[in-house]
Amino acid sequence: MNATIACLPGDGIGPEVTREAVKILSVIAEVHGHAFGFPEHPMGGIAIDTVGSSLPDASLAACREADAVFMGAVGGPKWDDPNAADRPENGILALRKGLELFANLRPVRVQPQLVDASTIKADVVRQVDLVVIRELTGGIYFGPRQEADAEESSAYDTMLYSAPEIERVVRFAADLARSRSGRLASVDKANVLASSRLWRRVATRVLEGYADLDVDHVLVDAMAMHLIRSPGQYDVIVCSNLFGDILTDEASMLAGSMGMLPSASLGERLNSLGRPLGLYEPIHGSAPDIAGQDRANPLAGILSCALLCRLSLGLDREAAAIEAAVDRVLAEGVRTPDIAETGTEVVTTAVMGDLVAAALRA
């Protein structure tokens, strides 16, 4: 197979985890007889500094022409001025809109080797294997807003949703639930928010067509509690943009570190292979405090490569090989600092990538 994977290394530890992702995908190509290209394009703070835009037109165009997109991370204190005309996070929102990515898929699987790395009791997290589907192009991040004026007297953001936006992401989640255990939880705040009452009504209507599913509607504050108290009861969770952003960061602690969770953002746009053009990235941020120190955990990025292979390239065997290689390395007691435990071997970002690459070649 020939495929082009556009790379957006970004800021902070983004280039470091992108380097390891490319390393793993290069080994996959070598071992399985594929030809992958990895053109790099600026995005985020580095793009503001060098090109004057958090998402240059040329970068967006290249992503649209690629078969898949891998992004490292963007942002950092250097670009945190709230009054700036452009910020790195604007590039993420523009990329999601520009690629028409409406569903963000975030698997949360606790590897058996890491049950003690979580701050939650081992018997609570041991069986966790769930997926959060976060709506990605609507809600409070895209609704009408007003920045504070000079007197800082008021500002607002609007959680705006249309019925079609809700319907398509709920249907996406329901189809996924059918392929897994058949359990689906829809999260809202229908007891308070008008947008959530619409979400509840639309979700209920859509899910009437999925009578084979075990459906639950859960208020977001209750879900925040259940994810810590009894996460094993959930399989597929669908929620709005803001709620998904918060809940998946919380869920990352079940796995021991944000450095362990991959993600895929998908829409209706197809690539040259006739498969979904997806954006793949670790859920963690740019971690500027450890940037350049070779301490970042690359496993979330590497596991994102498994999603990339499976969803955008249709390479199920290769995806499973990446996941098995990660499991094998963790089983050998190797850790990056964020998941280190007593008695484990602590290695650098590059060494962890090398070990996973070696396991793929074995």
Side-chain angles (χ1 to χ4, degrees), residues 6-18 39-66 69-104 134-162 165 195 240-246 248-249 258 263 265 267 269 277-292 296 301:
C7 293
L8 308 171
D11 311 313
I13 63 172
E16 298 170 63
V17 299
T18 301
E40 289 193 1
H41 307 280
M43 179 186 168
I46 186 67
I48 293 174
D49 290 349
T50 58
V51 186
S53 169
S54 57
L55 181 65
D57 291 342
S59 295
L60 177 58
C63 290
R64 284 174 169 160
E65 293 300 316
V69 181
F70 183 92
M71 186 175 77
V74 300
K78 180 180 180 181
W79 306 282
D80 274 351
D81 180 4
N83 298 314
D86 194 4
R87 302 180 65 188
E89 294 76 12
N90 294 343
I92 299 175
L93 300 181
L95 183 63
R96 292 169 182 166
K97 278 289 190 185
L99 296 182
E100 304 168 83
L101 307 172
F102 68 85
N104 180 230
R134 169 189 172 191
E135 198 288 322
L136 209 55
T137 58
I140 201 166
Y141 294 155
F142 291 98
R145 69 180 56 189
Q146 177 63 59
E147 297 288 347
D149 56 24
E151 287 73 34
E152 298 187 350
S153 57
S154 66
Y156 63 81
D157 300 277
T158 307
M159 187 178 288
L160 176 64
Y161 268 112
S162 68
E165 288 174 320
S195 58
S240 68
N241 209 336
L242 175 63
F243 296 163
D245 194 0
I246 295 169
T248 51
D249 277 15
M258 293 182 74
S263 77
S265 298
R269 181 184 289 267
L277 169 59
L279 169 65
Y280 301 87
E281 57 180 309
I283 78 160
H284 61 66
S286 63
D289 56 319
I290 61 169

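Predicted, not measured: the structure shown is a model, and the values here were computed from it.
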Could you check whether any side-chain N or O of [X] sits under 3.5 Å from a backbone N or O of [Y], counting only pairs where one atom can act as donor and the other as acceptor?
X      : Y      : value
Lys97  : Thr137 : yes
Ser59  : Leu55  : no
Glu281 : Phe70  : no
Gln146 : Ala148 : no
Glu135 : Gly138 : yes
Ser286 : Gly12  : no

Taking every non-hydrogen atom, the tightest pair across [X] and [Y]:
X      : Y      : answer
His41  : Pro9   : O-CD, 3.8 Å
Pro288 : Gly76  : CG-CA, 4.4 Å
Ser265 : Leu136 : OG-CD2, 3.3 Å
Glu165 : Leu160 : OE1-O, 4.2 Å
Ala47  : Pro42  : CB-C, 3.8 Å
Ser263 : Ile283 : CB-CG2, 3.9 Å

Can you tell me how far the [atom1] atom of [X] sits from the [atom2] atom of [Y], to the nearest 0.5 Å?
X      : Y      : atom1 : atom2 : result
Asp245 : Arg134 : CG    : CZ    : 4.0 Å
His284 : Met258 : NE2   : CE    : 8.0 Å
Leu8   : Thr18  : CG    : OG1   : 8.0 Å
Arg96  : Asn104 : CZ    : CG    : 6.5 Å
Leu242 : Tyr141 : CG    : OH    : 4.5 Å

**Asked** Do you know which of Leu60, Asn90, Val74 makes side chain to side chain contact (heavy atoms under 4.5 Å, CB included) with Leu95?
**Response**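 Output: one option passes, namely Leu60.
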Residue pair [X] / [Y], side-chain donor-acceptor N/O under 3.5 Å:
X      : Y      : answer
Ser54  : Asp86  : yes
Asn241 : Tyr161 : no
Asp11  : Trp79  : no

**Request:** Please say whether more than 12 non-hydrogen atoms of neighbouring residues, nucleotides or ligands are located less than 6.0 Å from CG in Asp81.
**Result:**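 Yes, because the 6.0 Å sphere around CG of Asp81 holds more than 12 heavy atoms from other groups.
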**Within residues 146-161 or reaching into it, pairs that qualify as salt bridge (charged side-chain N to carboxylate O under 4.0 Å, His left out) - sequence neighbours excluded** =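 Every pair satisfying salt bridge (charged side-chain N to carboxylate O under 4.0 Å, His left out) with a residue in residues 146-161: Arg145-Asp157.
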**Request:** Could you tell me which residues satisfy salt bridge (Lys or Arg N to Asp or Glu O under 4.0 Å) with Asp80, sequence neighbours excluded, listed by chain and number?
**Result:**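 Testing Asp80 for salt bridge (Lys or Arg N to Asp or Glu O under 4.0 Å), a comparison that skips the adjacent residues, returns Arg87.
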**Prompt:** Could you walk me through whether Thr158 and Ile140 pass the side-chain contact (heavy atoms from CB on, under 4.5 Å) check?
**Reply:** CA-CA 5 Å; Thr158 307; Ile140 201 166; over 6 Å; no
